[in-house]
Amino acid sequence: SLAACQPSGPSGGGAGSGGKRVVGFSQIGADNPWRTAETESIKAEAAKRGIELKFSDAQGQQEAQISAMRSFIAQGVQGIILAPKVETGWEAILKEAKDAKIPVVLVDRGVAVADDSLYATLIASDFVAEGTMAGEWLAKKCGGKAGVIQLEGTTGSAPANDRKKGFEAAMASHPEIKVLASQTGDFKRSDGKNVMEALLKVHGAAITAVYAHNDDMAIGAIQALEAAGRRPGKDVVVVSIDGMGFAFDAIVEGKLNATVECNPLLGEMAFAALEQVLKGEALPKLLVQKDRLFDESNAAAERPNRKY
Amino acid sequence: MSGILQLHGIEKRFGDFAALRGVSLELRAGEIHALMGENGAGKSTLIKVITGVHAATAGTMELEGRAIRPGSPREAERAGISTVYQEVNLLPNLSLAENITMGRQAMWGPFIRHGEGRRRARAALARLGVEVDVARPLGACPVAVQQMAAIARALEQRARVLILDEPTSSLDAREVAELFGVLRRLRDEGMGILFVSHFLDQIYALSDRITVLRDGGYVGTWEAAALPRLELVSHMIGKPVAAAEACAAKEEASAGPRRGAVVEVAELERKGVAGPFSFALEAGGATGLAGLLGSGRTEVARMLFGIDPATSGSVRVDGRVVSLTSPRAAMAAGFAFCSEDRKVEGILPSLSVRENIVLALQASRGALRRLPRAEQEALADTFIKALHIKTRGPETPMGALSGGNQQKCLLARWMAVQPRLLILDEPTRGIDIGAKGEIEALCAELRRGGLAILFISAELEEVVRNCSRVVVLRDRQQAEVLEGGAISLRQIMETVAAA
Amino acid sequence: MNRFRTPLLWPLAALVALLVFNALASPGFFDVEWKDGRLYGTVVDICNQGARVPMLLALGMTLVIATGGVDLSVGSLMAVSGAVAAVQVNAGASLGQAVGLALLLCSGLGLVNGVLIAKVRLQPIIATLVMMVAGRGLAMLLTGSQMVPFKHEGLTFLANGAVGGLPVPIPLVLGVALLAGVALRGSAWGLFIEATGDNETASRLAGLPTGGVRLLVYAFSGLCAGMSGLLEASNIAAADPARMGDTRELDAIFAVVAGGTALTGGRFSLAGSLVGALLLQTLTLTLYNQNVPPAVAPVPKALVILVVCLLHSPKLREQWGRWRSPSPA
Amino acid sequence: MNRLFSSRLLPLLATALVLLVLFGAAGAHYEHFFSARVVLNLFKDRAFLGVIAIGMTFVILSGGIDLSVGSVMACSTVLLASLIMERGWPVPLAMAATLVLGAAFGGAQGWIIHRYGIPAFLVTLAGMFLARGTAFILSSRSLEIRHAFYAKNSAWGLPLGEGLTFTLGPMVFVSVLAVAMVVAHGTRFGRNVYAIGGSESSAALMGLPVGGTRIAVYALCGGGAALGGILSTLALGSGDPTRGMGLELDAIAAAVIGGTVLTGGRGWMVGTFLGVLILGTIKTILDFEGSLDPAWLRLASGGLLLGFILMQKVIAIRSRET
Ligand SMILES: Nc1ncnc2c1ncn2[C@@H]1O[C@H](COP(=O)(O)OP(=O)(O)OP(=O)(O)O)[C@@H](O)[C@H]1O
Ligand SMILES: Nc1ncnc2c1ncn2[C@@H]1O[C@H](COP(=O)(O)OP(=O)(O)OP(=O)(O)O)[C@@H](O)[C@H]1O
Ligand SMILES: [Mg+2]
Ligand SMILES: [Mg+2]
C-alpha cells in the first residue's frame, strides 16, 4: 500500500523543500565538547550559506551513521558530510551514495576504501601526527628524561589508537623517557582525575610528565596533581591534544604546558569543498588540517582567537 | 499383590533439620495407598524424594525390583512415576491443552500437532467430567479447573505408579466422585496409587491401606478396613484415643451470639462477571457461600475485598455505605480476606513466618507506626502456639513450611488484624483435622467478640456445620438464601441443581 | 542475626581477597599519610571514589531491586543533577539552592519512573530505559550540550573538601546509608519493600500500599543518583552532561547483587551493597595499579563478577557439600 | 473461541496498528518518506539487530536476559575479520567457526546460569565484559575485510528495480524470523522455552528438560549474536571491536515493544519483528527530521518510545473493554 515513490536521488537542484539546497551531516555523537564544536561549526556554516542541513547524531554507533546516510539518500539530499566513526566499513554505503550521485565529503578522519572516487574529499586531522608532535614536544621539554603517565582515550576509538601510536613512535627515540603507566580515562575529565589520583599513589615522585589524549583528561589530571600537592605545569609537565579554549586558559595559568590543536571548525572548508564538487570542479582527495602546537610561548596570543 | 515401589529407610535433612527419619513404605500394584499425617509430618517431602525433586540424605528405593535414584522429576516420569504435586504446579501462561500434553505432545516429524493435543486434552478432562475450553490459558481458570488439569495431566501418562498429593483440596463433591471413579478403575488395571488427603471420609472411601507419618518418622501401615477412624487420628497426633476424641469433638463449633447485621450487601454486581448479590452478614454469625465450581463464590469475595471492585450495588457497614475500591479500602472498612490461592495471593515465600503473620496488621497501622519487634514476636508466638504451626521458629522462611502450615500462617495473618468481617475462601484447604478443629474454635471465639464471617468452602458439610446462613450461587448469580433450620446438605444440593 | 551475616560474608570475603592480593602485589597499598589536614592514600581513594558513585547509586538501587525492579536511568540522572547544579551556581544561586534544586529534580524524575511503573504498569526496564535516554537529553538541554565548568567554593567542597580528615563523600554516604537504614528498619517501610518484592499480589491483598512503595523507592533512587551527580560534578568542578554517569547503572546493579540482594526482589541488605560497591572500586583501582592494559581490563572485571556470584550461589554450596560428604549410594 | 484468540493476540495487533499509524503520519509529514527505498532501508539497516533480537526474544521468553549480545557481536566481527585476513581461513569456514564459537559462548553462559543458579543478568553482564575484552585483545582497531567472497556477496541480492536490491542481510533476517516462528510455536523445544519462562519450578516438576532447554536458548542467542556479527561484516566489510555498544538494550526494547513480557513465558517472534521495525521507524523519522540538536534528539527518542508503548497499552486495554 505504499505510494509509488518518485525516483530518489538528486533531481537537479530542485529536490528538497522548495528548491532549497539540502545537505546531510552524519555526526558520530555529541559526547564531548570538541565534537559539539565541530557540529556547531557545520550548522553555522550551513545557516550562513542558506543551506538546509539534515543533521543526524549517531550516538556513537557506526550502524546508526550508515542508516542515517541511507535516510539522506532516500531524501534526495545534494551532498553528505560524514564524520566517520572508524576507518573501515564504509564501502557499501559510499557506493550507494555514489550510485545516487550524491557527493560525500569526509571530515576529521579518513576511511579505508579501495576506490577513492567513492568520496569527494577528506578534510582531516592526522591523529598519529598529533601524537607524535605532542611526544616530541614533551621529550624536548623534559630534556629527554622523564616518567610519563599516558591517559588514553576511549578504548578502541580511532583517536585513542592513533594518538597512542604517534606518541609511542616519538618515544622510541628517547630511551630515557619511561611510560610508567598507560590507562584509559575514556576522554572524560572525571576519569582522568580518578586514574591520576590512583597512579599518583603508586608512582609518586617518579611521575614527571603527563600525556593526555585530550584536554579534558589533562584538566582532570591537573586537578588530581594539585590535590596531591604537586605543581602541574611546573614540576610535572602536562601535554594534551585538542586545543580547546579551556586548555588555553590552563596554559595561560601555567598549569598545562602544551596542547596540540585538532581543529574542529571544519564547517567552512567542508561546505566550500561541497560547492566545488557540485559545480563539477576537481578537488584534491585530501585536505590536511595543519595542526599547530600551543605552549606558553604562543597560547596567550592565540587565546582571543579561539571560538570553542 | 506385589510391591511395585519400595522405600527403605528414607531420610531427608534440610540443613540440620530432619524432615524424614527412616521412612519405609511398600506400594503394591493394584492398590490405593493413603499417606496420612498432620501438617508438616513429611508427606510432601516423601513424595518429592520419590520423584527426584529432593535427593534423599539416606535410604534406598526400588521400582519393580530395580533400585532407582531419580535425580529429577523427569527421570522419575521416565521410570514410570506420575505425580500431582500439592500446589498446582503447572504453567499459567500456557493453555490447558498444552499444560496437559506438555513434554508428551503428539508429533509430526519435529513439529507438534496442536490439534491432536487439544483433542487429547479434551478427552483427558472429559474423563474427569470437566468440560472447558482447553485453549484457555491455565492462569485464567479457577483453581479447581487448574487442579483438574494437573490430575488430567498425570492420568494422561500411562504410568506404573501414580502419586497424588492433596488433589481434592479445592474440588467439590461431584468432581471428587468423578476422580475417585477414575482412580478405582486405574487401580483395577494394576496401577499403584499413593494418595494424600486430609479428608478422612475420602481416605476411607478410597484407600486399601493407610500409612501414617508423624514428625518425619514412620508410624505404621494398616489395612484401611481394620483401622478405626479414632485410632487413625490417634496415630497421627501421637496421643491416645481419648485425646483424639477430644480433637474430633472440637469440630463442633459453637456459634457466637447474634448481634444484628453489620454488613449489608445490596445488589452487588460486577458487570459481565458475577452478580447481583444481596445478603447480610451479622456480627457473631457465619454466612456461607455454596455453589458448584465456577459458580462465582470467589468472585463475590473478590468484589467485597475490592480486588475486582463491583461495578454497581452497595455495601453498608453499620448502616454506612463503604467504598470497596481496593484491598486497602476494604481493610479500612474492617474487612479481611484469606484467598484460596495461597501460592500466588497468600504467602511471601522468602520472608519469615513472623513477618508473614504481622504483615496485614502492620499494613493497617501504616508504615510509620511500626509494630515493635517484641510485639511482633509475641504475636507470632501466640499464633504459632494457638494454631499449632509447625515451624522451626518464627524466623524460618515461609517457603520452607509445609502447605498446611502455610495456610495456618495466612489465617493467623488475618486473625491478627481483628477485622469486623473475615472472608475465608477455602480456609481449610490442606489442613489436618486437628488443626481444623483449632481453627474453627478460634473463629468461634472471634465471633463471640462480634466478628462476622463469610465462609466459602467446596466441602458442603463444612458449610452446613459452620454457617447460620447460606447463600447459594448458581451461574454466578445469587440463587437463594437459606437460614437456620433450612440449612441442610440436601436443601443446598437441590438449590444448586435446580434448573 | 541470620539476615545480617549471610549476605555480607561473601562480598567481604572477595573484598578481603582482593585487598590481600594488592598488599602482596603492590607494597604501599595500605600506606596512609596525613597531608594538609586530611588522610591520603590508596585506601582513602577507594573509599572516596567508591562513595561518590557506586556506593551512592547502589543505595538507591538496592531498594529498587528489592521491590523486584531495576533502574537504568541513574547514570543519566547523575548528569541531570550535575547540570542543574552547575548552571545554577553559574547563574549566581547559592549552594543550598543549587543542591536543593538538583536533588528535587532528580527525585522528581525518579518519581516519574515510579509512576510509569506503579501506575501505568510499564516494565521497569522499559520505563527506566526511556528515562535513561530522555534524562540524558534533559541534561544536555540544560547545558546547551556543553561542558559547564564552575568556580564555586561551596560546590567544589562537596567532593574535594574533608571532614575530620576524611574526604566529604565518605561521611556523606555513610550518613545517607545510616539514615536510610534507620528509616527503613525503624519504620515498616523496609518490610513493605521486601514484601512487595517477594510477592506483589499477595502484598497488595494484605493491604500494603505496593504502589506507594514503588513510588518511594524510585524517587529515592533518583535522589541518590542526584547526590552522586553533585559529587561527580563537584569533583571536577564541571558538569559533563553527555558523559557523566554513562553505564554506571551497571556498576550499581552489580554492587547490589554482589551484596546479597537478589535480582528477583525480596530481602535486601544496604550494608552488603556498600561492600559490593567497595569491591568494584577496589577492583578498578587494582587494575590501574597493576597497569593492566585498558583493552584487557574488562576480562578481570568479568572474572570477579563471576566469582562473586558463584560465592553467593546456594547451588554451588550445595554441590560442594554433596561432594565433600558423599551420601551412601 | 474466535474472540479469545483475538484477545490473546491483541497486544500484537495493537503494535502493528501503531506502527502503521506512525509510518503513515511520518509519510504524510516528510517528503520521500513513503518510498520503497525507506522501507527497504528499514530492513537493510536493522537486519543484524533483527537477528540478534530474535535470539534475545527466545532468552526473554525463557525468563532470562542476555546483556552480552552487543559484545559477542562485536567480538565475532573482529574474530571473523582476523581469521579471514590475518590467518587466511576460507570465508565459509571462518563464518562457521564464528557461529560455533558464538553459540558455545552463549551455551557456556546458559550452563553457568543453570548449574549455579546465578541470575542471568549477572552472568551475561560478565559475558559482556569478557566478550568486549576479547574483541579488544584480538584487535584494538577496526579491521577491514578485503576478500573476493565479500566483494561478491555483500551487494548480491534480489533486484527490486529502481536500483534497489533485497540483499543478503534482510534475506537472512526474514528467514531467521520464519524459522524462529515455527520453532517457537511448533516444536517441543519452543514450547519448553515458554514453559520455563512461565514457571521454572513447575516446568521441572512436569518433567521438562529445563537445563538442556536453558543452555540451548542461550546458545541460540549467542549464535544469533554471532550471526548478527557476520551480517554486519557483510554489510560493512569490516570488523570492529567497538561495534554494537548498547545494542543489547535495543534488542531488549525491540522484544518488549513487540509484546514479549520480561518476566518470561509470554510473547511472539512476529512481535519482535514489529519491534525492530518500530525502532527503525523512530530512528528514520528522527533522521528525516534532521534539525534536532543532540539534546532534543534524545528527548524525542525517549518521548517517541514512551508514547508508542503508552499508545499500544491504551489500544490493548480499550479493545479489551469493548
Ligand atoms: N525446602 C525446605 N526447606 C526446609 N524445610 C522444609 C522444606 N520443605 C519442607 N520442609 C520442612 O519439612 C517438614 C515436612 O514438610 P512437608 O511439606 O513434607 O509436610 P506435609 O506432611 O506435606 O504437610 P502438609 O499436610 O501441611 O502439606 C516441614 O516441617 C517443613 O517445614
Ligand atoms: N482472575 C480471574 N481472571 C479471569 N477470570 C476469572 C478470574 N477469577 C475468576 N474468574 C472467572 O470467574 C468465574 C467464577 O469463578 P470463581 O473462582 O469465582 O468461582 P468459585 O465458585 O469460587 O469456584 P472455585 O471453586 O474455583 O473457587 C470463573 O469462570 C472464573 O474463570
Ligand atoms: Mg504437603
Ligand atoms: Mg473459588
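As the structure is a computational prediction, the values presented were derived from the model and not from experiment. Lettering follows sequence order; numbering is per chain, from 1.
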Can you give me the closest heavy-atom contact between B/Arg369 and B/Arg365, atom names plus distance?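 Reported closest heavy-atom pair: O-NE, 3.0 Å.
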What are the two closest heavy atoms between B/Gln146 and B/Leu90, and how far apart are they?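 Smallest interatomic distance, heavy atoms only, reads O-CD1, 3.9 Å.
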So which residue, B/Ala367, B/Ala363, B/Pro327, ends up with the most heavy-atom pairs under 4.5 Å with chain C?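 Of B/Ala367, B/Ala363, B/Pro327, B/Ala367 has the most heavy-atom pairs under 4.5 Å with chain C.
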Considering only NZ, NE, NH1 and NH2 on the basic side and carboxylate oxygens on the acidic side, decide whether C/Arg204 and B/Glu345 come within less than 4.0 Å.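 The answer is no: the pair does not qualify as a salt bridge.
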So which residue, C/Thr201, C/Leu208, C/Leu191, ends up with the most heavy-atom pairs under 4.5 Å with chain B?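 Heavy-atom pairs under 4.5 Å are most numerous for C/Leu208.
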Does anything in residues 397-405 of chain B get under 4.5 Å of chain C by heavy atoms, and if so which residues?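 Within residues 397-405 of chain B, near chain C: nothing under 4.5 Å.
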Neighbourhood of chain B inside residues 102-117 of chain C, taking heavy atoms under 4.5 Å as contact: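 At a heavy-atom separation under 4.5 Å, chain B is reached by no residue of residues 102-117 of chain C.
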Segment of [X] engaging chain C (4.5 angstrom heavy-atom cut-off):
| X | answer |
| --- | --- |
| B/Leu359 | both |
| B/Ile347 | backbone |
| B/Ser364 | neither |

What residues, two or more places apart in sequence or in another chain, satisfy salt bridge (charged side-chain N to carboxylate O under 4.0 Å, His left out) together with B/Arg66?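 Checked B/Arg66 against salt bridge (charged side-chain N to carboxylate O under 4.0 Å, His left out); zero matches.
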Should we count CD of B/Gln418 as having more than 12 external heavy atoms under 6.0 Å?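 Not more than 12 within 6.0 Å, no.
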Cation over ring, B/Arg392 on B/Phe17, under 6.0 Å and within 45°?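 Yes, a cation-pi geometry holds between B/Arg392 and B/Phe17.
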Are C/Arg185 and C/Phe268 in a cation-pi setup, meaning NZ or CZ lies under 6.0 angstrom from the ring centre and within 45 degrees of the ring axis?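 Positive - C/Arg185 is close enough to the ring of C/Phe268 and near enough to its axis.
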Examine distances only and state if a side-chain atom of B/Glu340 and a backbone atom of B/Asp425 form a donor-acceptor pair shorter than 3.5 Å.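 No; judged by distance alone, with no hydrogens or angles, the pair does not exist.
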Going by ring-ring contact (aromatic ring centres under 6.0 Å, His included), name the pairs with one or both residues in residues 337-371 of chain B, residues two or more places apart or in two chains.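 Counting only pairs at least two positions apart or across chains, the ring-ring contact (aromatic ring centres under 6.0 Å, His included) contacts touching residues 337-371 of chain B are B/Phe305-B/Phe337.
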Check the side chains of [Y] and [X] for a donor-acceptor pair under 3.5 angstrom, ignoring hydrogens and angles.
| X | Y | answer |
| --- | --- | --- |
| B/Ser352 | B/Glu355 | yes |
| C/Asp71 | C/Ser73 | yes |
| B/Thr391 | B/Thr396 | yes |

